[in-house]
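In what follows, every chain begins at residue 1, and chains take the letters A, B, ... in the order their sequences are listed. Keep in mind that the numbers below use all heavy atoms, side chains included, and drop hydrogens, waters and symmetry copies. Values in this document were obtained by computation on a predicted structure and should not be read as measured data.
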Protein chains: 2
Amino acid sequence: MTSQDVILGILMNQSSAGYDIKRLLETVFSYFYNASFGTIYPMLAKMEQQGLITKESIIQEGKPNKHVYTITEEGRRQFREYLNSELQPEEIKSDFMVRLYFGGLADREHVSEWLSKAIDKTTRTLQSLEDIYGRLKDKKSATQIICVRLGIESCKARLKVLNEGLNDIKALDGELEKE
Amino acid sequence: MTSQDVILGILMNQSSAGYDIKRLLETVFSYFYNASFGTIYPMLAKMEQQGLITKESIIQEGKPNKHVYTITEEGRRQFREYLNSELQPEEIKSDFMVRLYFGGLADREHVSEWLSKAIDKTTRTLQSLEDIYGRLKDKKSATQIICVRLGIESCKARLKVLNEGLNDIKALDGELEKE
DNA sequence: GTGGCCATGTAATGTGTTACATGATTTG
DNA sequence: CAAATCATGTAACACATTACATGGCCAC
């Protein structure tokens, strides 16, 4: 899976401009995918050249002009090819988990701070996923519901362990202060 | 966090060769980090040049020779600097979740296959994390236990939703066959 | 005798991020 | 009046993967 496949998938459902694609990625996709403008805009230009999408310039008042891209038949074919291709393993790069693993080498203050930040972030992610779930529960496809539920349940499980972990670390701090 | 930080962290605990580092990453780290030989070997060479680590050649019989690297004081300083640096957000790239999101555009057979594969993989990951947990529960630091428990509970939550999801999809298939 | 494990390394390639450049409009 | 939002795009850079090259030993 590359950014091209993701963009094609989005355009399968509705024609969009690069800016809109970024917005969508930031909201719904942020839990499992991300791409910057520096990826999206050059990729859209490349895809247009290859005939996977067509560009339409929309002149807006009070706002910059938009380039709305629409998927072509060739683009649809390419997307179907992606769906038929081999499923790729998940790629994760978690600074937080790496630090936790090496946590024995860090001060307890640092560890507490990392845990607190992870709790904050996970809480916010959970909130946003639950919002999405509430809004889309009856409208969206079965697989999108599974997708959002996966995020929600993962966040909940994560929060449980994170909170217990933070308590454990703080308990260790308490013991030390007594001595 | 770059591969350099991870390698330094590993070498903080024990001197290792590139091959051993890869092995370790594949087992314990695989849930939240990964690096290929093409990253590890050039990085070790670069780090030696910069004086962060020292190389010792071990001549082995019946096996190829090994280059065992040991962290220097400068390397330790550099690693502490990493622990003091700003926590970086998690990076995830999940082909599986992307496909699920676009699942409405795919055949139900494909979706079932993806879910089954995800269930298999998660089950195996859970198994390996529980093995690690069993072995290290009493030996390792509090933060490493949190780290492994995060993986275990995430996998369990994931499995629950995946199994429910697969049943839902199969139920839809059943309905269709009746018609 | 084929394939897998041990063990290191290089080069080509792919892919993506960050920072910069531009500029009008709206919101606090 | 500063900052965010809308909107597009480029160029330099960082970083990593894949495939290749080498080669002995061991198990099936």
Side-chain angles (χ1 to χ4, degrees), chain A residues 1-8 15-27 29-30 32-50 53 55-69 82 85-86 88-95 98, chain B residues 1-8 15-27 29-30 32-50 53 55-69 82 85-86 88-95 98:
Chain A
M1 174 204 50
T2 60
S3 53
Q4 182 177 292
D5 301 317
V6 176
I7 292 173
L8 283 175
S15 298
S16 315
Y19 197 82
D20 302 328
I21 291 171
K22 182 80 200 311
R23 277 281 99 88
L24 188 64
L25 291 179
E26 273 168 5
T27 54
F29 284 77
S30 67
F32 51 87
Y33 185 79
N34 240 307
S36 62
F37 284 124
T39 301
I40 294 167
Y41 287 122
M43 182 52 76
L44 284 169
K46 192 181 154 199
M47 286 162 75
E48 198 209 350
Q49 277 196 331
Q50 294 180 338
I53 56 179
K55 179 160 80 173
E56 193 192 352
S57 294
I58 307 282
I59 291 148
Q60 300 186 117
E61 278 175 36
K63 288 179 184 181
N65 295 341
K66 252 188 184 187
H67 295 161
V68 174
Y69 292 93
Y82 157 63
S85 73
E86 194 70 21
Q88 296 301 120
E90 213 162 45
E91 282 169 48
I92 311 178
K93 200 147 284 188
S94 172
D95 188 25
V98 167
Chain B
M1 174 204 49
T2 60
S3 53
Q4 182 177 292
D5 300 318
V6 177
I7 292 173
L8 284 175
S15 298
S16 315
Y19 198 82
D20 303 328
I21 291 171
K22 181 80 199 311
R23 277 281 100 88
L24 187 64
L25 291 178
E26 274 169 4
T27 54
F29 284 75
S30 66
F32 51 87
Y33 185 79
N34 241 307
S36 64
F37 284 123
T39 302
I40 294 168
Y41 287 123
M43 182 52 76
L44 284 169
K46 193 182 153 201
M47 287 163 75
E48 197 208 350
Q49 277 196 332
Q50 293 179 340
I53 56 180
K55 179 160 79 173
E56 192 192 353
S57 294
I58 306 280
I59 292 149
Q60 300 187 119
E61 279 176 34
K63 288 179 183 180
N65 296 341
K66 253 188 181 183
H67 294 161
V68 174
Y69 292 93
Y82 157 63
S85 74
E86 194 70 21
Q88 295 301 121
E90 213 161 44
E91 281 168 48
I92 310 180
K93 198 148 287 189
S94 171
D95 187 26
V98 167

Between CG of A:N34 and P of C:dT15 the distance, given in whole Å, is 18 Å
What is the distance from CD1 of A:I40 to C1' of C:dT18, rounded to the nearest Å?
14 Å
When the C1' atoms of the five terminal pairs at each end define the local axes, what inter-axis angle does the helix from C:dG1-D:dC28 to C:dG28-D:dC1 show, to 10 degrees?
50°
Taking the nucleotide of DNA chain C with the closest heavy atom to each, which residue, B:Q88 or B:R23, is nearer the 5' end?
B:R23
For the pair made of OH in A:Y41 and P in C:dT22, what is the distance, rounded to whole Å?
17 Å
Once rounded to the nearest 0.5 Å, what's the spacing between atom CG of A:L24 and atom CD1 of A:I7?
11.5 Å
Earliest and latest nucleotide of DNA chain D, 5' to 3', sitting under 4.0 Å from a non-hydrogen atom of chain A?
D:dT5 to D:dA16
After noting the C-alpha distance and the side-chain angles of B:I92 and A:Y33, does the key distance pass the side chain to side chain contact (heavy atoms under 4.5 Å, CB included) rule?
CA-CA 6 Å; B:I92 310 180; A:Y33 185 79; over 6 Å; no
Within a 6.0 Å radius of atom CD on B:Q49, are there more than 12 heavy atoms belonging to other residues, nucleotides or ligands?
no
Which heavy-atom pair separates A:Q4 from A:Q50 by the least distance, and what is that distance?
OE1-OE1, 3.9 Å
Once you round it to whole Å, what is the distance between C1' of C:dC5 and CZ of B:F37?
10 Å
Atom CD of B:E91 and atom P of C:dT18: how far apart are they, to the nearest Å?
8 Å
Grab the two heavy atoms, one from A:L44 and one from A:G18, that are nearest each other, plus how far apart they are.
CD1-CA, 3.6 Å
Spatial distance of atom NE2 (B:H67) from atom OH (B:Y19) [nearest 0.5 Å]
15.5 Å
Would you indicate whether the side-chain heavy atoms of A:E90 and B:K93 approach each other to under 4.5 Å?
no
Pick base, sugar-phosphate or nothing for B:A17, based on heavy-atom distances below 4.0 Å to the nucleic acid.
sugar-phosphate
Mind calculating the distance between CG (B:D20) and C1' (C:dT8) to the nearest angstrom?
12 Å
Please determine whether a side-chain nitrogen or oxygen atom of A:S3 lies at a distance below 4.0 Å from atom OP1 or OP2 of C:dG16.
yes
Using a 4.0 Å heavy-atom cut-off across all strands, classify B:G18 as base, sugar-phosphate, or nothing.
sugar-phosphate
Any side-chain heavy atom of B:N34 sitting closer than 4.5 Å to one from B:F29?
no
Under 3.5 Å, is there a donor-acceptor pair between the A:Y82 and B:D95 side chains?
yes
Any chance you could lay out the side chain to side chain contact (heavy atoms under 4.5 Å, CB included) test for B:D5 and A:V98, step after step, and finish with the verdict?
CA-CA 9 Å; B:D5 300 318; A:V98 167; over 6 Å; no
Whole Å only: how far is the CG atom of B:L24 from the C1' atom of C:dC6?
17 Å
Smallest heavy-atom separation, A:S3 atom then A:M43 atom, equals OG-CE, 3.5 Å
For DNA chain C, which residues in residues 56-65 of chain A have a heavy atom at a distance below 4.0 Å?
A:G62, A:P64
